Student: 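Can you keep this structure in mind? I'll have questions shortly.
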Amino acid sequence: MHDVNVSDGVVTLSPLHVDDADAHLAGEDDLLVRWLNGGPGTRAGTEAYFRQCREEWATGGPLRAFGVRVGAQAAPAALAGTIDLRFEMPGLAPGQVNIAYGLYPAWRGQGLATRAVNLVCRYAAAEGATEAVIQVDPENPASAAVAHRSGFTRITRSPEVNGTRFDRYVRDICADRQRRVLP
């Protein structure tokens, strides 16, 4: 596996590492648990998930889990959250990717999630994806605002298998192929 870094000079996306577990667990709050994680994280569970993410990177699997990092590239950047990109999952058409994101409380409200979504769209387009999908619980207006600011359009509200309803936002990312993705 080669290291991937996608950056706009403010936010850098790079693969999650087991070493990120402490920062992730320290940043987890009730909102991340509710909207993204599905339950409070444990050290063992977080480390196992991050190892699985590394394996997905190493084998070219359908999941690309990035740490959202903020700070100077010469110094260790702070882990501000995560963003997952899935090239395959139920409900995705060929060429579509699903994006799920969450920032830790200290980093919210600064436009960083919007930057991260735009960066991950550039990465996905460079990998051959044509359309990005974000699924948002209708009771999560902050996540919906990120989707809107990132150029996504709400197309439908549909029930999921477990009965949870999601608003589905989409964005054509073909034009993102023209933008440079930093190695």
Side-chain angles (χ1 to χ4, degrees), residues 1-37 40-58 61 63-87 97-127 129 132 134 136 140-152 171 173 176-183:
M1 179 192 92
H2 64 283
D3 276 330
V4 173
N5 286 295
V6 184
S7 182
D8 65 3
V10 174
V11 168
T12 299
L13 305 182
S14 62
L16 287 166
H17 294 85
V18 173
D19 293 347
D20 291 323
D22 286 337
H24 177 74
L25 290 168
E28 185 179 76
D29 69 344
D30 291 343
L31 293 177
L32 277 179
V33 168
R34 178 178 180 188
W35 302 123
L36 188 63
N37 299 348
T42 64
R43 170 159 309 288
T46 300
E47 289 178 352
Y49 177 69
F50 286 2
R51 278 192 294 278
Q52 174 195 348
C53 293
R54 296 297 291 183
E55 182 67 19
E56 291 277 335
W57 277 102
L63 171 64
R64 304 289 187 284
F66 292 93
V68 177
R69 302 175 198 283
V70 179
Q73 294 201 2
L79 185 66
T82 64
I83 188 163
D84 291 355
L85 183 64
R86 292 189 184 267
F87 287 85
V97 292
N98 188 77
I99 300 171
Y101 46 85
L103 293 183
Y104 309 132
W107 300 101
R108 293 181 189 141
Q110 302 173 46
L112 302 174
T114 302
R115 286 176 172 274
V117 168
N118 287 328
L119 287 169
V120 87
C121 285
R122 283 186 6 212
Y123 173 83
E127 293 292 308
I134 296 175
V136 177
N140 186 351
S143 190
V146 169
H148 283 293
R149 284 192 307 271
S150 301
F152 284 73
R171 172 177 153 185
I173 59 173
D176 288 293
R177 287 195 185 121
Q178 307 306 318
R179 296 189 182 127
R180 184 168 169 243
V181 174
L182 300 177

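Please read all numbers here as calculations on a predicted model, not as lab measurements. Along the sequence shown, the residues carry numbers beginning at 1.
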Student: I would like to know whether D20 and R69 meet side-chain contact (heavy atoms from CB on, under 4.5 Å); could you show each step before the answer?
Tutor: CA-CA 11 Å; D20 291 323; R69 302 175 198 283; 2.7 Å; yes
Student: Would you say that F50 contacts E47 through its side chain, given a criterion of any heavy-atom pair below 4.5 Å between the two side chains?
Tutor: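 Counting from C-beta outward, F50 and E47 never come under 4.5 Å.
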Student: Please report the shortest heavy-atom distance between S14 and N5, naming the atom on each side.
Tutor: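 What the structure gives for the nearest pair is CB-OD1, 3.0 Å.
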Student: Is it true that a side-chain atom of W57 and a backbone atom of L16 form a donor plus acceptor pair closer than 3.5 Å?
Tutor: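 Looks like no, no N/O pair under 3.5 Å.
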Student: Is a side-chain N or O of R108 found less than 3.5 angstrom from the main chain of L103, in a donor-acceptor match?
Tutor: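 At least one qualifying donor-acceptor pair exists.
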Student: What is the minimum heavy-atom distance between C121 and A132, and which atoms define it?
Tutor: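 Shortest heavy-atom separation between C121 and A132 comes out as SG-CB, 4.0 Å.
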Student: Just by distance, do the side chain of R171 and the backbone of S150 share a donor-acceptor pair under 3.5 Å?
Tutor: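 Between the backbone of S150 and the side chain of R171 there is a qualifying donor-acceptor contact (under 3.5 Å).
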Student: Given R54 and H17, is the side-chain contact (heavy atoms from CB on, under 4.5 Å) satisfied, shown in steps?
Tutor: CA-CA 7 Å; R54 296 297 291 183; H17 294 85; 3.0 Å; yes
Student: Taking atom CG of L79 and atom NE2 of H24, what is their separation to the nearest 0.5 Å?
Tutor: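 Here the rounded value is 8.5 Å.
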Student: Within a strict 4.5 Å, meaning less than it, do heavy atoms of the W107 and V68 side chains meet?
Tutor: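 No, too far: nothing below the 4.5 Å cut-off.
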Student: Taking T114's backbone N and O only, do any of them form a donor-acceptor pair with Y101's side chain (distance below 3.5 Å, no angle check)?
Tutor: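 No, because the side chain of Y101 does not come within donor-acceptor range (under 3.5 Å) of the backbone of T114.
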Student: Below 4.5 Å, heavy atoms only, C-beta onward: do D8 and N118 meet side chain to side chain?
Tutor: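 No, side chains not in contact.
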Student: Do L119 and F66 touch side chain to side chain, with heavy atoms closer than 4.5 Å?
Tutor: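 A side-chain contact is absent here, since even the closest heavy-atom pair is not under 4.5 Å.
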Student: Does any part of the side chain of L13, heavy atoms only, come nearer than 4.5 Å to the side chain of Y123, both counted from C-beta?
Tutor: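 No, their side chains stay 4.5 Å or more apart.
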Student: Please name all residues satisfying side-chain contact (heavy atoms from CB on, under 4.5 Å) with E55, sequence neighbours left out, ordered by chain then number.
Tutor: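 T59.
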Student: Specify the closest pair of heavy atoms between V97 and A129, including all atoms of both residues, with the distance to one decimal.
Tutor: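 Taking every non-hydrogen atom into account, CG1-CB, 3.6 Å.
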Student: Taking the side chain as every heavy atom from C-beta outward, state whether D84 and L63 have any pair of such atoms under 4.5 Å apart.
Tutor: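 Of all side-chain heavy-atom pairs linking L63 with D84, at least one is under 4.5 Å.
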